[in-house]
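Note sheet for the following structure.
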Amino acid sequence: MLEQFIYIADMIGVISCAISGVLVATRLRMDPVGIIVLAAVTGIGGGTLRDMMMGATPVFWIVDNNYTYVITITAILTVFWLKHIHRAPPYLLLILDAFGLAIFTIVGAQKALALGFSGPVAIAMGCITGVVGGMIRDMLSGQIPFVLQKEIYATASVLGGVLFVSCSYLGFTPILAMSIAISGTLSLRLSAIYWHLSLPVFTADKEA
């Protein structure tokens, strides 16, 4: 039951992030290879780095080819969908990113705890899983990643990791702990998008 819950949640995250990668790629008028690359790095980039850092090799998508199949099919269907509607809503990318961030953060933290790592390491692995795919996508497309801007992005990921680890240590069932943490991460990120909440920005410039 738990493994199925994690697997389904992870696939939903992969689909959400793959679509966001396709949205960015099509806006930049990339060719099919570029579209697949952005979809793939967004969907599995964070989890790949997480597994490599924890020594969980071969990484998950090499063991389970369903990930590459899902990314490819998602990319193709998204391209046809975008051709049909001509233009996606401007907020869609942010919402898809929020879902991917919330799901990947908790899946990453859960995997770290399951492998015997400490709570702080699980929180860090969750954050890496949640933000790295989007970072790679943005860097490949020539944009400043969300995590390096004033957006409440990594902060939401850290909150989710803390919630999950805390609930786990308090004896909550894994599925309940994951559900609470995913909801908390998603709520903070979507609230930040809706109400334009952001972190303070610091600059070295001084007014004359």
Side-chain angles (χ1 to χ4, degrees), residues 1-25 36-54 56 59-75 77-78 91-114 122-138 145-147 151 153-161 163-165 174-190 192-193:
M1 179 67 175
L2 175 60
E3 290 182 357
Q4 291 179 336
F5 180 85
I6 295 172
Y7 192 71
I8 293 172
D10 203 23
M11 280 298 181
I12 293 173
V14 167
I15 291 170
S16 297
C17 287
I19 294 173
S20 75
V22 174
L23 289 175
V24 173
I36 293 294
V37 167
L38 280 200
V41 297
T42 313
I44 60 177
T48 300
L49 180 59
R50 172 204 66 212
D51 282 4
M52 293 174 64
M53 292 179 69
M54 295 193 302
V59 296
F60 66 101
W61 58 269
I62 293 178
V63 176
D64 185 352
N65 290 330
N66 286 334
Y67 284 93
T68 54
Y69 299 150
V70 166
I71 288 171
T72 303
I73 293 171
T74 299
L77 292 178
T78 303
Y91 54 81
L92 183 59
L93 174 61
L94 294 175
I95 293 176
L96 290 170
D97 245 13
F99 275 91
L101 176 72
I103 293 171
F104 284 162
T105 293
I106 312 312
V107 169
Q110 191 280 333
K111 186 167 187 176
L113 284 186
I123 294 169
M125 290 299 105
C127 190
I128 287 170
T129 310
V131 307
V132 166
M135 285 183 64
I136 298 174
R137 176 202 64 204
D138 291 344
F146 283 138
V147 70
E151 298 274 349
Y153 193 75
T155 307
S157 179
V158 171
L159 171 67
L163 282 174
F164 176 71
V165 170
I175 292 179
L176 178 58
M178 292 183 72
S179 300
I180 291 173
I182 289 173
S183 298
T185 307
L186 188 59
S187 296
L188 178 56
R189 180 61 187 138
L190 291 179
I193 294 171

Atom [atom1] of [X] and atom [atom2] of [Y]: how far apart are they, to the nearest 0.5 Å?
X    : Y    : atom1 : atom2 : answer
K111 : M125 : NZ    : CE    : 12.0 Å
I136 : T48  : CD1   : OG1   : 8.0 Å
L190 : T185 : CG    : OG1   : 10.5 Å
I15  : T78  : CD1   : OG1   : 9.5 Å
L186 : I182 : CG    : CD1   : 9.0 Å
I36  : I71  : CD1   : CD1   : 8.5 Å

Only counting residues at least two apart or in another chain, list the ones meeting side chain to side chain contact (heavy atoms under 4.5 Å, CB included) with [X].
X   : value
I12 : I8, S16, I103
A25 : M30, I35, L38
T68 : W61, N65

Taking the six-membered ring for Trp, are F146 and Y153 parallel (under 30°), tilted (30 to 60°) or perpendicular (over 60°)?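 Judged by the thresholds at 30° and 60°, the geometry between F146 and Y153 is tilted.
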
Looking at side-chain heavy atoms only, is the closest gap between [X] and [Y] below 4.5 Å?
X   : Y   : result
V59 : R50 : no
Y67 : D10 : yes
L96 : L23 : yes

Taking all non-hydrogen atoms of both residues, which atom of [X] and which atom of [Y] are closest, and how far apart?
X    : Y    : value
T74  : A18  : CG2-CB, 4.0 Å
P145 : D138 : CA-OD2, 3.4 Å
A181 : I106 : CB-CD1, 3.4 Å
A39  : V22  : CB-CG2, 4.0 Å
C127 : V158 : SG-CG2, 4.2 Å
G13  : F104 : C-CZ, 3.3 Å

Yes or no on side-chain contact (heavy atoms from CB on, under 4.5 Å) for M11 and N66, after CA distance, side-chain angles and deciding distance? CA-CA 9 Å; M11 280 298 181; N66 286 334; 3.8 Å; yes

Within residues 92-105 or reaching into it, pairs that qualify as side chain to side chain donor-acceptor pair (under 3.5 Å) - sequence neighbours excluded: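 Checked against side chain to side chain donor-acceptor pair (under 3.5 Å) - neighbours excluded - the pairs reaching residues 92-105 are D97-R137, T105-S157.
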
Test of understanding: with ring pair (Phe, Tyr, Trp, His ring centres under 6.0 Å), list the residues that count as partners of F99, not counting sequence neighbours.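 None.
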
Would you check, one step at a time, whether the test side-chain contact (heavy atoms from CB on, under 4.5 Å) holds for T129 with V107? CA-CA 8 Å; T129 310; V107 169; 5.6 Å; no

Worked check of side-chain contact (heavy atoms from CB on, under 4.5 Å) between I180 and F164: CA-CA 7 Å; I180 291 173; F164 176 71; over 6 Å; no

Residue pairs fulfilling salt bridge (Lys or Arg N to Asp or Glu O under 4.0 Å) with at least one residue in residues 12-22, sequence neighbours excluded: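 Sorted pair list comes back empty.
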
L2 vs I175, side-chain contact (heavy atoms from CB on, under 4.5 Å): CA-CA, chis, key distance, verdict: CA-CA 7 Å; L2 175 60; I175 292 179; 3.8 Å; yes

